[in-house]
Amino acid sequence: VPAIKVLLSIATKDRLWLSSVSLITVFKSVEQARKSGCDVEVHVVDDATEQNGLGKVKLANLRRLAGQGNITLDELSEPIGTTRVLSRFVDRVLSREDVDFWFHSDDDVIFGPDVLKRTVQDYPKAVSRGGVLAVFVNRWMDESLKPTQGSFAEAPFLGGASYVVSRASLVATGNPWKQALQHNVSSTAHDAHVFWFRGLLPQAGQQIIVRTKKPYACQHLGNVHTLLYGEQLSWEPMFALDHRTQRYIQVPGFELSELRSALLASYYGRHNILPAFVRRHNVAHGSILELPTPEKDVADPGGRNLTFLDIGPGTAQPLAWRYEHSNVVTGLSVEANDFFLQRLPTSPRLQGLAAAICPYDGYGQLVTVRPDLVEWEPGRGCRQAACAPAELGHAASIREAHPAVRQFVQQERAELRTVTLEFAVPCFTLTSLLRIHHIAHVEWLRLDTHTMDLEALRQLLEWGTHTGSWPAKVTLASTRWHDAAAAGAL
């Protein structure tokens, strides 16, 4: 039986460190796929990486890998843009009748060792009508998935970070990028993906399929420092999820909170953390690449020292309000409900983060009372005959309504679904929050998470025991809804 032929393509430009850690994982995945009987060719197009210090290191590595026969390298002297690079890849696939699948990846995606093998094995049974099998799925696609059969779901659209498509599917549609450029010579990569996924694909009766059960161990690293949109801190939690548990997918060998901490390090002025992280993983994977070591030790400013960390500040007296006019206080307010977060003052010293403290890292459904049903100030009323008191407006919880909200609904003989709102929010464990956002010490930790306070305290004990760093002051805003036995044990 002939081996399955896969052409794996990577479009790259500039950025040494993210592309290096990506390439390391690609080679491990290719190695395992070949052991399972796949014939894999790795094709890289470098879209005119800048010839500066790090750019020269990157190009030297690509040339060395090409000289060793590990990759086929197209090194462009002038940039042509991602759309034209992808068009080149598809032309190559269409010109090769021996190719069965095209597996494409951006240069900032990391893979588990079994990803390439699994996707090629899954494709024939999952993508029955032809089309695209998603390898990486951004979190924001999760709510649009429609279950199809067994372990898979159909998606209406897809980001372009990583996917696999059969050559037969491309023959049926033609080269999507070439057609997008003919339609609009200025088409961006996003425009071309829209043209393909929302136009050519459905017109040909083809599908976009996502694995929802045991998803592929794959993560996209570029959300914080995206090439197209610059720095987007609010996009940082948009990692791939296990669609059933809503927990982030772990790529073997890359502990996710450590990875996220390395990606955010430069945002917090710690510019040597990511290079050290990549060098360490390069060594662990057999020194596939030749990476520069620092000529001299660069002073690391270390983690941040915060005056306060206010978790759940949607109360009458958020700490950000108290210290709004201080020139020395630094603080972070973590609030899952954007209704409250947007009311807080922000500055370089006072930051706000839309998130909830949970027992896991991922996403959770926040259940809260509808703001229009709350009497926020005594005597002001609300839009309904029976108003919820202000304290219930702050009584949000993950997964299910807060006990106080359920009690109010029962008293008013209302239906829970008519009183509450549900929406997905990023979830952190307290230890992950501190690590990812480079927080070394907190003077004052205030918790007002209602049902999660005890879990947050348990995580604080783990953090303090591990790091030796303890807050000088810890405040619980309310203990009314705590489990007495659990609190006593803690």
Side-chain angles (χ1 to χ4, degrees), residues 137-145 147 153 212-215 237-250 256-257 310-315 333-341 353-371 373-374 388 391-412 414-433 436 447-460 462 476-487 489-490:
V137 182
N138 248 328
R139 187 269 145 202
W140 49 43
M141 286 294 303
D142 198 65
E143 295 171 8
S144 65
L145 301 180
T212 55
K213 186 177 181 181
K214 296 182 179 178
M238 298 297 178
F239 290 94
L241 293 169
D242 183 315
H243 307 282
R244 303 193 179 200
T245 66
Q246 295 294 289
R247 299 184 181 215
Y248 289 130
I249 294 170
Q250 293 281 344
L256 192 56
S257 66
D310 197 359
I311 298 177
T315 63
S333 301
V334 180
E335 171 57 61
N337 192 335
D338 200 54
F339 177 79
F340 298 120
L341 188 65
L353 182 67
I357 297 298
C358 299
Y360 60 90
D361 290 346
Y363 265 73
Q365 286 297 117
L366 185 76
V367 184
T368 184
V369 176
R370 286 169 43 194
L373 302 184
V374 177
E391 69 168 356
L392 288 192
H394 305 295
S397 60
I398 298 293
R399 293 197 192 95
E400 59 184 24
H402 190 279
V405 175
R406 294 200 300 269
Q407 189 178 88
F408 171 77
V409 168
Q410 187 175 14
Q411 289 172 352
E412 297 298 325
E415 292 186 33
L416 191 63
R417 62 183 178 83
T418 66
V419 175
T420 58
L421 295 174
E422 289 189 28
F423 47 92
V425 295
C427 280
F428 291 84
T429 64
L430 180 60
T431 51
S432 290
L433 173 72
I436 292 165
L447 295 170
D448 190 7
T449 63
H450 300 281
T451 54
M452 284 302 298
D453 281 359
L454 294 183
E455 177 63 30
L457 285 174
R458 187 177 294 108
Q459 295 170 15
L460 175 64
E462 293 176 2
L476 297 180
S478 171
T479 59
R480 180 180 175 190
W481 299 103
H482 294 169
D483 182 285
L490 184 63

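All figures in this text were calculated on a predicted structure; none of them were measured in a lab.
Between Leu430 atom CG and Arg458 atom CZ the span is 12.5 Å, to the nearest 0.5 Å. Summarising the geometry, atom OG1 belonging to Thr368 is positioned 6.0 Å from atom CZ belonging to Phe340; distances are rounded to the nearest 0.5 Å. In this structure, the separation between CD1 on Ile249 and CG on Leu256 is 10.0 Å, given to the nearest 0.5 Å. In this structure, Glu400 CD and Leu416 CG are separated by 10.0 Å, a value rounded to the nearest 0.5 Å. To the nearest 0.5 Å, atom OH of residue Tyr363 and atom SG of residue Cys358 are 11.5 Å apart. Taking CZ of Arg370 as the reference point, atom CZ of Arg417 lies at 11.5 Å (rounded to 0.5 Å).
The heavy-atom pair separating Ser432 from Ser257 by the smallest distance is OG-CB, 3.8 Å. The shortest heavy-atom contact between Glu455 and Pro359 is OE2-CA, 4.1 Å. Taking all atoms of both residues into account, the shortest heavy-atom contact from Ala355 to Val334 is O-CG1, 3.6 Å. Scanning both residues, His402 and Ser397, for their nearest heavy atoms gives N-OG, 3.2 Å. Residues Ser333 and Leu341 share a closest heavy-atom pair of O-CD1, 4.1 Å.
With hydrogens and angles disregarded, no donor-acceptor distance shorter than 3.5 Å links the side chain of Tyr360 to the backbone of Tyr248. For Asp242 (side chain) and Pro215 (main-chain N/O), no donor-acceptor pair under 3.5 Å exists by modelled atom type. Remark: side-chain polar atoms of Arg406 are paired, donor with acceptor, to backbone N or O of Ala401 under 3.5 angstrom. At distances below 3.5 Å, not a single donor-acceptor pair connects side-chain atoms of Gln246 with backbone N or O atoms of Leu241.
Exactly one of Val425, Val367, Ile357 qualifies for a side-chain contact (heavy atoms from CB on, under 4.5 Å) with Ile398. That residue is Val425.
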(request) Could you walk me through whether Phe428 and Leu353 pass the side-chain contact (heavy atoms from CB on, under 4.5 Å) test, one step at a time? (result) CA-CA 11 Å; Phe428 291 84; Leu353 182 67; 4.1 Å; yes
